[in-house]
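Bear in mind the structure is a predicted one, so any value in this text is a computation, not a measurement. Ligands are counted one by one from 1 in listed order, and the atoms in each one are counted from 1 as well.
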Amino acid sequence: MTSRTRVFIAGHRGLVGSALVRRLQREPSIELLLRSRAELDLTSQAAVRAFFESERPEQVYLAAARVGGILANDTRPAEFIHDNLVIQSNVIDAAYRNGTRKLLFLGSSCIYPKHAPQPMPEDCLLTGPLEPTNEWYAIAKIAGLKTCQAYRKQYGFDAICAMPTNLYGPGDNFDLAGSHVLPALIRKFSEAVKSGAPEVEIWGTGKPRREFLHVDDLADACVFLMERYSDLAPVNIGWGEDVSIAELAELAASATGFAGSLRFDTSKPDGTPRKLLDVARMSALGWKAKIGLAEGMQSTIAWFGQHYAS
Ligand code: GFB
């Protein structure tokens, strides 16, 4: 019997990491190495080095990160910059030192300038100022991308970078103070239906535009890149179309059965005006997302109902 490839998913309990587990469990040639936060503290350089020295994973998906929505990013900048810089530096360096053959780093579409051309191509990176509500997270993610590029350039380490757009799906964070918009809306509308509340509050003006990708599509794209891509240049992963927050709210209201009214709280930030990725590079490689927003929203509402029913 040929031996299986040992794959470490850093952050396997998060939204992205758990989707990668689901996707990679379908691959008989892969042996997953998973460690909970209690078993392996990724912010500890000594612990990360010891883990890599003893387990020597052949492939690494670096999905561990401090993440959150617009409010969490805006109010906890120190955690967002510090934790992400430390985790990614520890993992990338330990992987390189211990013979990992390939590492995939996950960035974010917020690395691109606030007023980037839309859709945003990979090469608009560092061509203008960042969106202030999430610049701390964006700087950390840009540093992660640059760390991968530097290790490839100096040491020939096969580290690649995927830049996903806004993600959602099963296992998302539904805590209203820390979550992204889509899980927040699912929760707000579901609770309003239950309580009979006539109105739901939406942050900002409703005018910003966002693109949403189901996390199972992202996981599939990451495995595709791990198998077929090896280059310095990052690759955007998106759906290819965006919606306004007001449109998203209408969709979430009808999918949850909320028939009341929406109130836009303009004291809350809008964030970046538009975020739509140019996915031409990924399309040229032969990959395309499959799960549309209406379908993905329905299954995420069902997941929320099963896991958060009070
Ligand atoms: O998803 P979100 O928190 O983050 O917000 P970003 C997207 C838009 O939805 C903003 C509006 O214009 C919010 O004001 N929004 C409306 C809401 N109602 C709500 C609500 O109840 N909760 C939330 N969270 N938003 C994040 C970055 O930016 O995108 C991260 O902060 C990361 O760094 C992530 O890059 C992908 O899309 O603005």
Side-chain angles (χ1 to χ4, degrees), residues 14-16 63 65-81 83-85 106-114 116 118 120 125 130-145 162-169 172-192 197 199-215 218 234 236-239 242-253 256 258 262-277 293 297 300 304:
L15 174 67
V16 173
R66 166 79 58 193
V67 297
I70 193 165
L71 189 67
N73 268 268
D74 207 20
T75 51
R76 291 159 37 212
E79 288 170 48
F80 277 80
I81 194 161
D83 294 0
N84 287 309
L85 284 174
L106 277 144
S108 165
S109 57
C110 70
I111 63 166
Y112 298 122
K114 174 171 183 155
Q118 303 288 329
M120 303 183 285
L125 182 68
L130 297 164
E131 155 60 32
T133 53
N134 58 32
E135 66 176 317
W136 324 96
Y137 178 74
I139 292 276
K141 287 293 182 183
I142 293 169
L145 185 159
M163 294 299 139
T165 194
N166 286 33
L167 301 168
Y168 71 98
D172 211 338
N173 171 12
F174 288 85
D175 163 28
L176 295 180
S179 73
H180 290 99
V181 61
L182 197 146
L185 295 182
I186 288 177
R187 180 171 189 160
K188 287 179 182 180
F189 288 128
S190 302
E191 290 180 350
E199 187 179 82
V200 161
E201 182 194 285
I202 314 293
W203 295 353
T205 60
K207 291 189 182 127
R209 299 186 69 83
R210 297 287 184 274
E211 175 189 21
F212 296 94
L213 182 72
H214 193 281
V215 72
L218 174 74
N236 288 342
I237 321 275
W239 173 251
D242 59 359
V243 292
S244 73
I245 297 302
E247 287 163 349
L248 180 76
E250 296 292 346
L251 191 65
T256 50
F258 176 75
L262 312 182
R263 186 168 57 82
F264 290 91
D265 176 1
T266 52
S267 70
K268 295 282 195 314
D270 267 348
T272 202
R274 192 174 182 200
K275 230 183 329 177
L276 175 65
L277 288 177
L293 184 54
M297 170 104 69
T300 307
F304 174 75

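Interface atoms of ligand 1 facing Asp270, defined by a heavy-atom separation under 4.0 Å, are 10 (C), 12 (O). When each atom of ligand 1 is checked for a heavy atom of Gly68 under 4.0 Å away, the hits are 30 (C), 31 (O). Near Pro208, meaning under 4.0 Å from one of its heavy atoms, ligand 1 places the atoms 12 (O). Residue Gly69 approaches ligand 1 through these ligand atoms, each under 4.0 Å from one of its heavy atoms: 3 (O), 31 (O). Taking every non-hydrogen atom of Cys110 and a distance limit under 4.0 Å, the qualifying atoms of ligand 1 come out as 33 (O), 35 (O). Using a 4.0 Å cut-off to heavy atoms of Lys188, the atoms of ligand 1 that qualify are 20 (C), 21 (O). Of all atoms in ligand 1, numbered sequentially from 1 with element shown, those under 4.0 Å from a heavy atom of Ala184 are 20 (C), 21 (O), 22 (N). Ligand 1 places these atoms under 4.0 Å from at least one heavy atom of Arg210: 6 (P), 7 (C), 37 (O), 38 (O).
Closest to atom 34 (C) of ligand 1, if we only count protein heavy atoms, is His180 NE2, 3.3 Å. Ranking the protein heavy atoms by distance from atom 24 (N) of ligand 1 puts Ser179 O, 2.9 Å first. Ranking the protein heavy atoms by distance from atom 28 (O) of ligand 1 puts Lys275 NZ, 3.5 Å first. Counting only heavy atoms of the protein, atom 27 (C) of ligand 1 lies nearest to Asn134 ND2, 3.2 Å. What sits closest to atom 8 (C) of ligand 1 on the protein, heavy atoms only, is Ile245 CD1, 3.6 Å. Among all non-hydrogen protein atoms, the one lying nearest atom 36 (C) of ligand 1 is Asn166 OD1, 3.3 Å. Among protein heavy atoms, the minimum distance from atom 4 (O) of ligand 1 is reached at Ile70 N, 3.8 Å.
A distance-only check finds a donor-acceptor pair linking the side chain of Asn73 to the backbone of Gly68 [under 3.5 Å]. Put simply, the side chain of His214 never gets that close to the backbone of Leu293: no donor and acceptor are under 3.5 Å apart. Between the side chain of Lys114 and the backbone N or O of Pro273 there is no donor-acceptor pair closer than 3.5 Å. Side-chain N or O atoms of Gln118 include one that pairs as donor or acceptor with a backbone N or O of Arg274 at under 3.5 Å. A donor-acceptor contact shorter than 3.5 Å links the side chain of Asn236 to the backbone of Met120. Asn84 contributes a side-chain N or O that, together with a main-chain N or O of Arg66, makes up a donor-acceptor pair within less than 3.5 Å.
Ring geometry, Phe304 versus Phe174: the interplanar angle falls from 30° to 60°, so the pair is classed tilted. Relative ring orientation between Phe189 and Phe258 is described as tilted, the plane-to-plane angle lying within the 30° to 60° band.
Scanning all heavy atoms of the two residues, the minimum distance from Thr165 to Gly238 falls at CG2-CA, 3.8 Å. Counting all heavy atoms, side chain and backbone alike, Ser244 lies closest to Glu247 at N-OE1, 2.8 Å.
Within the set Leu185, Val181, Asn73, Leu262, the minimum heavy-atom distance to atom 2 (P) of ligand 1 is found for Val181. Remark: among candidates Tyr168, Tyr137, Phe80, Trp203, the nearest residue to atom 20 (C) of ligand 1 is Trp203, based on non-hydrogen atoms. Comparing Gly271, Pro269, Gly204 by heavy-atom distance to atom 14 (O) of ligand 1, the nearest is Pro269.
Looking at ligand 1, you won't find any N or O of Glu201 less than 3.5 Å from one of its N or O atoms.
Atom CH2 of Trp203 sits in a crowded spot, with more than 12 heavy atoms from other residues, nucleotides or ligands closer than 6.0 Å.
In this structure, Ile202 has a heavy atom closer than 4.0 Å to ligand 1. Not a single heavy atom of Lys141 sits less than 4.0 Å from an atom of ligand 1.
Within the 4.5 Å cutoff, the side chain of Ile81 has no heavy atoms near those of the Tyr137 side chain.
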